[in-house]
Amino acid sequence: MGLRKRAAEEAVGSEVIVMVKIQVLEEGMENIKLLLKDCDRAFANALRRTLMSETPKMAIETVRFQMGSFDLCLSCGHLNPAAAARESAGGSGCNQCEKKLEKEGVDFTVWETNGSLPDEMVAQRLAMIPIPTDHKQFHYEETCPNCKELVPEDRGCPACNMIYTCKAFGTEEGITVTAGDMIYLGDQSLEIPEHYRDIPITKLYKGQMLEFYATAVMGRGSQHAKWSPVCGTAFVPRQVGILNNKTKAKILWDLNLKINAKDFDKNGRLEDQEKVETLARELYHVGDGTENKVDFKEAITIEDVPGEFIFSFETDGSMSPQTALEMASASLAEIFGSLGVDLKAVL
Ligand SMILES: [Zn+2]
Ligand SMILES: [Zn+2]
């Protein structure tokens with residue numbers, strides 16, 4: 001309710017009223033921790049929900065499995081359609097090198113497109129593989145400059161679809177087909193990144209093969225979790241440690257834990273985020289249910305800083321945390337913007 005009211009207030013004016021300050025506290029390849037200032041809970045939550053459900057992301061949507069059984073020519077490696085090329089079936093040998101296919105295991109081996117996992121399950125797994133998402137190059141199918149005028153069934157072009165292929169053969173002792181076995185039909189920069197190439201898809205044994213074409217499209221987390229690029233999206237109020245009673249605080253310092261009097265500034269405040277988190281844990285030694293609590297009382301307290309939040313999330317690897325944040329902010333602005341248009345029409 002709060003969010004709606006606020007969005008309405010913002011949309012009425014033509015300028016954005018609230019400017020939230022964002023400071024990066026920690027940043028890795030897949031994780032980020034931010035400090036939001038001049039912010040309220042409703043805004044932080046709107047950002048959180050937008051990151052999860054409205055950030056454009058590429059994920060595999062359709063998979064075409066090639067079905068059938070084949071005779072693999074052991075001379076040239078050509079896959080001949082089942083039995084047709086065999087001598088015994090009246091065939092004239094390998095379609096490519098014309099070598100006679102007489103003895104299984106000597107001239108050819110038989111491969112069938114069946115594995116231990118059903119195709120449906122393989123498709124499910126493919127959907128969850130992080131597909132590198134380039135927002136400059138790709139669009140939603142419904143807003144794609146080439147496809148938006150078409151009916152949904154006809155949509156799909158190099159500006160809104162990414163196609164990956166995979167052809168894998170099993171071995172005697174079994175081999176794991178992984179995300180790295182998928183080949184992108186296009187620019188090499190959009191191959192599955194090194195870091196995620198060992199995500200398993202299925203396992204194949206001798207005589208089993210897997211061949212498919214997988215198409216990734218841009219989508220939103222609100223449609224399906226596979227289009228949500230983030231996880232562990234959370235925020236908490238920023239907290240500071242307050243030294244209320246120097247004498248009694250000594251009870252904590254005497255326990256020789258990590259935080260001591262020197263960590264507090266001359267006004268008796270501890271601002272450093274990491275240290276505050278440590279302090280919060282250490283206060284359990286003098287907190288409720290302990291003998292020390294009787295004397296310690298409220299000698300040190302932890303307090304929320306109004307209007308400031310620690311916001312953190314991880315991405316699944318399809319984009320950097322920075323990109324996810326930028327795209328989510330853009331989506332959020334768009335939602336507020338369209339709300340403004342609606343309100344203008346009504347008021
Ligand atoms: Zn051959
Ligand atoms: Zn298109």
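The residues of the chain are indexed from 1 along the displayed sequence.
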Run N31 and E314 through side chain to side chain donor-acceptor pair (under 3.5 Å) and show every step you take. CA-CA 4 Å; N31 62 293; E314 289 178 20; over 6 Å; no
Do [X] and [Y] share a hydrophobic cluster (ILVMFWY, side-chain heavy atoms under 4.5 Å, transitive)?
X: M327; Y: I131; value: no
X: M218; Y: M52; value: no
X: L270; Y: I242; value: no

Ring-plane angle category for W111 and F169, please: parallel below 30°, perpendicular beyond 60°, tilted otherwise.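 Rings of W111 and F169: perpendicular, as their planes differ by over 60°.
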Side chain to side chain, P321 and E30, heavy atoms closer than 4.5 Å: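 P321 vs E30: side chains apart.
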Is there a side-chain contact between L185 and T165, using heavy atoms and a 4.5 Å cut-off?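 When only atoms from C-beta onward are counted, T165 and L185 do touch, with a gap below 4.5 Å.
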For [Y], is there any backbone N or O sitting under 3.5 Å from a side-chain donor or acceptor partner on [X]?
X: R197; Y: I192; result: yes
X: T215; Y: M162; result: no
X: E191; Y: Y184; result: yes
X: T278; Y: E274; result: yes
X: N95; Y: N80; result: no
X: N245; Y: T247; result: yes

Residue K99 excluded, over 12 heavy atoms near NZ under 6.0 Å: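 Yes, the 6.0 Å shell around NZ holds more than 12 heavy atoms from other groups.
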Does atom CE of M121 have more than 12 heavy-atom neighbours, drawn from other residues, nucleotides or ligands, at distances under 6.0 Å?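 Atom CE in M121 is not packed in, count stays at 12 or less.
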State, to 0.1 Å, how close [X] and [Y] come at their nearest heavy-atom pair, and which atoms those are.
X: G115; Y: L204; value: CA-CD2, 4.2 Å
X: I129; Y: A179; value: CD1-CB, 3.9 Å
X: S53; Y: R220; value: O-CB, 3.4 Å

Where do D181 and K167 land on the salt bridge (charged side-chain N to carboxylate O under 4.0 Å, His left out) test, with the steps shown first? CA-CA 8 Å; D181 292 318; K167 194 173 188 176; over 6 Å; no
Side-chain donor-acceptor pairs under 3.5 Å in residues 294-302, sequence neighbours left out?
{"residue": "K297", "atom": "NZ", "partner": "V294", "partner atom": "O", "Å": "3.3"}
{"residue": "E298", "atom": "OE2", "partner": "K293", "partner atom": "NZ", "Å": "3.4"}
{"residue": "T301", "atom": "OG1", "partner": "N244", "partner atom": "ND2", "Å": "3.0"}

What distance do Q208 atom CD and T171 atom OG1 have between them, rounded to the nearest 0.5 Å?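 Output value for this atom pair is 10.0 Å.
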Please list all pairs passing the ring-ring contact (aromatic ring centres under 6.0 Å, His included) test where one or both residues lie in residues 305-324, with sequence neighbours left out.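 Passing the test, one end in residues 305-324: F235-F309.
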Residues 148-160 side chain polar contacts: donor-acceptor under 3.5 Å, at least two apart:
{"residue": "R155", "atom": "NE", "partner": "C147", "partner atom": "O", "Å": "3.3"}
{"residue": "R155", "atom": "NE", "partner": "L150", "partner atom": "O", "Å": "3.2"}
{"residue": "R155", "atom": "NH2", "partner": "K148", "partner atom": "O", "Å": "3.4"}
{"residue": "R155", "atom": "NH2", "partner": "L150", "partner atom": "O", "Å": "3.2"}

What I want to check is whether the side chains of T290 and N292 have a donor and an acceptor closer together than 3.5 Å.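 T290 vs N292: no donor-acceptor pair found between side chains.
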Can [X] and [Y] be counted as an ion pair, charged N to O under 4.0 angstrom?
X: R41; Y: E308; value: no
X: R269; Y: D265; value: no
X: R238; Y: E271; value: yes

